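Everything below concerns the one structure shown next.
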Amino acid sequence: MKQILLFSIIILLSISGYAKKNERPNIIFILTDDQSYGMMGCTGNEIIQTPNLDKLAGEGVLFTNAHVSSAICTPSRVSIFLGQYERKHSVNFNSSTAISEEAWQESYPVLMRKAGYYTGYIGKNHSPIGKEGYESGIIENSFDFWFASHGGVYFYPKERREIYKDAIAETQAEVLEEGVNQFLDPNARRLKGAISFLEERPSDKPFMLSLNFNIPHGATTQTMRQRATDDEIYRALYRDKEIPLPPNYIAKGDIKNPKLPVNIHHANDRQAGYNYVDTPEDMKERYILQMQCITGVDRMVGKLRETLKELELDKNTIIIFTSDHGLFMGEHGLGGKSLCYEKCTHVPMFMYHPKMKKGYKSDAQVQTIDIAPTMLSLAGAEIPKAIQGKDISAFIKDGKTKVRDYLYTENLWSTTFGNPRCEAVQTKEWKYIRYYKNNNISATEKVNLAKEYGISQRVMLYEVHPQQFAVYRNYIENPINGELPVYEELYHLAEDPHEVHNLVKKAEHKAILEELRAAWKSEITKARGEGKPKVVIHSNMKSKI
C-alpha cells in the first residue's frame with residue numbers, strides 16, 4: 001500500500017512539474033535591420049502600410065523611447081545576444097575580436113536552451129564567435145534549428161547563400177517565412193538546407209525563435225530589381241505616392257555648413273553605398289524600396305500569427321520586435337549610421353503578450369540590451385551578473401514605468417570611413433554628446449592607392465588585422481582614463497527632437513550640461529564594467545564571408 005501511495009505521489013509530482021514546464025511562454029524575437037523608429041504606422045508614418053505590426057504593437061506595450069546601445073550592425077547584435085554594452089563585450093568590425101566561447105555561454109540562446117527551451121534561429125547572423133569567427137560553427141550548434149546565413153541574406157537569398165537554395169520563394173521575407181513554418185509546424189515542407197537536431201519541434205517543450213531580417217538594410221534594398229516574379233509589393237507599392245523629404249534634408253550639393261566639424265567627421269569618406277541620399281530623387285527611390293521591404297516583413301508577421309493560431313500556440317506565445325539601429329536618409333546631409341543622434345539610435349520596439357488585457361504606450365527609456373534579460377526572466381531562467389541590460393518583463397505583467405534615469409549610447413566604429421568616436425547620455429528631455437579626435441586614414445586615399453597599385457579594395461578597406469585590436473582598446477579605455485572631448489553637443493529633445501540646435505555654449509543651460517557631463521562619467525564607467533573583455537582575437541583575412 002505504501003509503495004502504491006509513493007508511486008502515486010511521484011506520478012502526481014511529475015504531472016505537476018510537466019504542467020508547470022508547459023506553462024512557460026513561447027517567445028518569438030523579431031529583429032529587423034536599419035529600421036528607424038518612424039518606419040511603421042504605429043510610430044507615426046502616414047505612408048507605410050504595416051497593419052499587422054501596428055495591431056501587435058497596439059495589443060502589447062509599444063516603447064516610444066527605445067534605443068540601441070551602438071548604432072551599427074555587429075556591435076548592436078552582439079549587445080543583444082549578451083545583454084551588454086559594446087564597451088564591455090568589445091566586438092566590432094574594427095576590433096579584430098570575436099565573442100569568446102566562454103562569453104557565448106552566457107548569451108541568451110545558450111541560456112534559453114539550457115533552461116529547457118527548443119530554440120531556433122532564422123535569417124541574418126552578424127556576430128563572429130570563436131577564433132574562426134563566422135567559420136567556427138559555434139552559433140549553428142547553439143540552436144536546435146538553424147536556417148540562417150552569416151553576413152547578409154540579401155533580397156534574393158538563393159542567389160547568394162547556399163542554405164536557402166531549396167526554398168520555393170525567391171525574395172527574402174518569403175524565404176525566411178518557409179523556415180519559420182518548418183520550425184513551428186511538423187507538417188510543413190522540409191527545407192534541405194535547414195539544420196535541425198530533431199525531426200520536428202517537441203510539443204512538450206516551450207520554444208524560443210529568433211527571426212532576424214536583413215531588411216530594409218542598404219545591401220538588401222540595392223539588390224532589388226522589380227522582377228516579374230516578385231510580389232506586387234516589391235514592384236509597385238508606394239510608387240503612386242508623393243514621398244516627402246525627411247525633416248532637415250539637405251542634398252549633398254547644397255551643404256554649406258556640415259552638421260559636424262570636418263576635422264571630426266570626415267563625411268567625404270563615407271561608404272559609397274550611402275550615396276543615394278545625395279539627391280532627392282535617389283533618396284526617394286531608396287525610401288520606397290525600404291518601405292516595400294518593411295511591408296513584406298509586416299505581411300509575414302501577419303501570416304506568422306495565423307500559423308500560431310492554427311497550431312493553437314497563439315495563446316501562450318510572446319512576441320518581441322525591434323531593429324538593430326536606425327539610418328540617416330539625408331537629414332543634415334548625412335547618410336549611414338553609427339552616430340549617437342536619434343535617427344541612428346532610436347528604434348521601434350514592442351512586446352506583445354497574449355495574456356495582456358489591453359495594450360498601451362510607454363516612454364520609458366529602454367534599450368535593446370534589455371531584451372536578453374527580459375527573455376530569460378520570462379523563461380524563468382537565471383540572469384547572469386555579466387548582463388548589463390534591465391529585465392523589463394514587468395511591462396507586460398504589471399505596467400512598470402521606469403527603467404533608468406540616464407540612457408547611454410556610444411560609437412566605437414571610428415574607421416577609415418570617416419566616423420568619429422562619440423558617446424551620448426540622455427534623459428527624456430535632454431541629450432549630451434561628446435566627440436574625440438579623428439586621426440583615421442582617409443578611405444578615399446586608400447581607394448586611390450588600391451587602384452594605383454592593383455590591390456583589392458576589399459583588402460584595403462575591409463580586412464581586419466590583429467594589430468587593429470590595440471587601436472580599438474585605446475578607443476575603449478582612453479575616455480575613461482581622462483581623454484578630453486574635442487567637440488560637444490547639447491540638445492533639448494523635448495523642443496528639438498531633430499537635434500538641430502546645439503545649445504552647449506548657452507549659459508542658461510550650464511546646469512543641465514554639468515549634470516549630463518557627470519552622468520556621462522558614471523554611465524561610461526558602468527558600461528565598461530570590470531575586468532578583461534571576454535574576446536578572442538579574430539581576423540577575416542582568409543574569410544569567405
Side-chain angles (χ1 to χ4, degrees), residues 28-35 72-78 80-81 91-93 98-99 104 107-110 119-130 132-184 188-197 208-225 234 273 293-294 296-297 300 304 323-325 458 462 464 538 540 542-545:
I28 298 177
F29 171 46
I30 302 173
L31 183 68
T32 56
D33 201 334
D34 280 14
Q35 183 180 355
I72 189 164
C73 302
T74 289
S76 179
R77 289 165 183 262
V78 174
I80 291 171
F81 272 136
V91 179
N92 203 327
F93 294 113
I99 306 169
W104 183 244
S107 66
Y108 82 74
V110 172
T119 61
Y121 193 97
I122 295 172
K124 174 180 177 176
N125 171 53
H126 220 175
S127 303
I129 306 170
E132 287 77 38
Y134 296 111
E135 283 89 1
S136 71
I138 293 171
I139 190 169
E140 292 94 324
N141 290 311
S142 298
F143 291 87
D144 296 303
F145 179 88
W146 174 268
F147 187 60
S149 54
H150 306 295
V153 178
Y154 301 100
F155 190 69
Y156 304 104
K158 292 157 68 172
E159 297 180 359
R160 305 289 290 270
R161 303 298 186 203
E162 184 70 27
I163 195 167
Y164 305 119
K165 287 189 180 296
D166 184 49
I168 295 172
E170 300 291 334
T171 48
Q172 184 183 143
E174 291 66 35
V175 169
L176 299 190
E177 181 183 339
E178 292 183 41
V180 171
N181 289 338
Q182 179 172 333
F183 176 81
L184 292 174
R189 175 178 176 268
R190 305 288 94 178
L191 290 155
K192 294 178 182 177
I195 301 171
S196 183
F197 292 92
M208 187 278 295
L209 173 63
S210 294
L211 175 55
N212 298 263
F213 291 99
N214 189 204
I215 44 183
H217 191 281
T220 292
T221 51
Q222 73 180 5
T223 63
M224 296 173 71
R225 295 290 179 265
Y234 308 122
C293 283
I294 293 171
V297 170
M300 178 184 171
L304 168 62
S323 177
D324 61 352
H325 49 73
R458 179 191 181 279
Y462 293 102
V464 176
H538 165 65
N540 67 350
K542 297 181 180 180
S543 174
K544 297 178 182 179
I545 297 170

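The structure displayed is predicted, hence computed values, not measured ones.
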>> Apply ring-ring contact (aromatic ring centres under 6.0 Å, His included) to residues Phe147 and Tyr164 and explain how you reach the verdict.
In response: CA-CA 8 Å; Phe147 187 60; Tyr164 305 119; 5.1 Å; yes
>> Under the criterion side chain to side chain contact (heavy atoms under 4.5 Å, CB included), I'd like the reasoning laid out for Thr221 against Cys293: C-alpha separation, chi angles, the key distance, then a yes or no.
In response: CA-CA 8 Å; Thr221 51; Cys293 283; 4.0 Å; yes
>> Could you walk me through whether Asn92 and Thr74 satisfy the side chain to side chain donor-acceptor pair (under 3.5 Å) test, starting with their C-alpha distance in whole Å, then the side-chain angles of each, then the deciding distance to 0.1 Å, before giving a yes or no?
In response: CA-CA 6 Å; Asn92 203 327; Thr74 289; 5.9 Å; no
> Going through the checks in order, is the side chain to side chain contact (heavy atoms under 4.5 Å, CB included) test met by Ser323 and Phe213?
Replying inline: CA-CA 9 Å; Ser323 177; Phe213 291 99; over 6 Å; no
> Going through the checks in order, is the side chain to side chain contact (heavy atoms under 4.5 Å, CB included) test met by Val78 and Ile80?
Replying inline: CA-CA 5 Å; Val78 174; Ile80 291 171; over 6 Å; no
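Taking both residues in full, the closest heavy atoms of Gly133 and Pro128 are given as CA-CB, 3.9 Å, listed atom of the first, atom of the second, then distance. What you find for Ala148 and Gly123 is that their closest heavy atoms are CB-O, 3.0 Å. Residues Thr32 and Ile215 approach most closely at CB-O, 3.6 Å, considering heavy atoms. A pairwise comparison of heavy atoms in Ile129 and Ile139 identifies CD1-CB, 3.7 Å as the closest pair. Listed here is the closest heavy atom pair of Gly130 and His538: O-ND1, 4.4 Å.
Between the CG atom of Asn212 and the CG atom of Leu31 there is a distance of 5.0 Å, given to the nearest 0.5 Å. With values rounded to the nearest 0.5 angstrom, Ile30 atom CD1 is found 6.5 Å from Ile28 atom CD1. Rounded to the nearest 0.5 Å, atoms OG1 (Thr223) and CZ (Arg160) are 7.0 Å apart. In this structure, Leu176 CG and Leu211 CG are separated by 6.5 Å, a value rounded to the nearest 0.5 Å. Taking CZ of Phe183 as the reference point, atom CD1 of Ile122 lies at 7.0 Å (rounded to 0.5 Å). Annotation: the span from Leu184 atom CG to Leu209 atom CG amounts to 6.5 Å, rounded to 0.5 Å.
Using the six-membered ring where Trp is involved, Trp104 and Phe81 have ring planes that are perpendicular, over 60° apart on the 30 and 60° scheme. Using cut-offs of 30° and 60° for the angle between ring planes, the His126 and Tyr134 rings count as tilted.
Side chains of Ser149 and Tyr154: no donor on one and acceptor on the other come within 3.5 Å. Residues Tyr156 and Thr171 bring no donor and acceptor atom of their side chains to less than 3.5 Å of each other. Using modelled atom types and a 3.5 Å distance limit, the side chains of Gln172 and His217 yield no donor-acceptor pair.
The backbone N or O of Cys73 sits nowhere less than 3.5 Å from a side-chain atom of Ser76 that would complete a donor-acceptor pair. In this structure a side-chain-to-backbone donor-acceptor pair under 3.5 Å is missing from Asp33 to Asn214. The backbone N or O of Gly152 lies less than 3.5 Å from a partner atom in the side chain of Arg161, making a donor-acceptor pair. Checking side-chain atoms of Lys158 against main-chain N and O of Ala167 turns up a donor-acceptor pair under 3.5 Å. The main-chain N or O of Leu191 is found under 3.5 Å from a side-chain atom of Gln182 such that the two form a donor-acceptor pair. Under the 3.5 Å distance criterion, the side-chain polar atoms of Asp324 are left unmatched by any main-chain donor or acceptor of Arg77.
Looking only at side-chain heavy atoms (C-beta outward), Arg189 and Glu178 come within less than 4.5 Å of each other. The side-chain heavy atoms of Val175 and Glu170, taken from C-beta on, include no pair separated by under 4.5 Å. Side chains of Ile72 and Phe93 form a contact here, defined as non-hydrogen atoms less than 4.5 Å apart. Annotation: side chain of Pro75 is not in contact with side chain of Val91 (no heavy-atom distance under 4.5 Å). Contact of the Tyr121 side chain with the Ser142 side chain is not registered, since no non-hydrogen atoms from C-beta on lie closer than 4.5 Å.
Proximity of the aromatic rings of Tyr234 and Phe155 is defined here by a centroid distance below 6.0 angstrom, and this criterion is met. A ring-centre distance under 6.0 Å is not found for Phe197 and Phe143.
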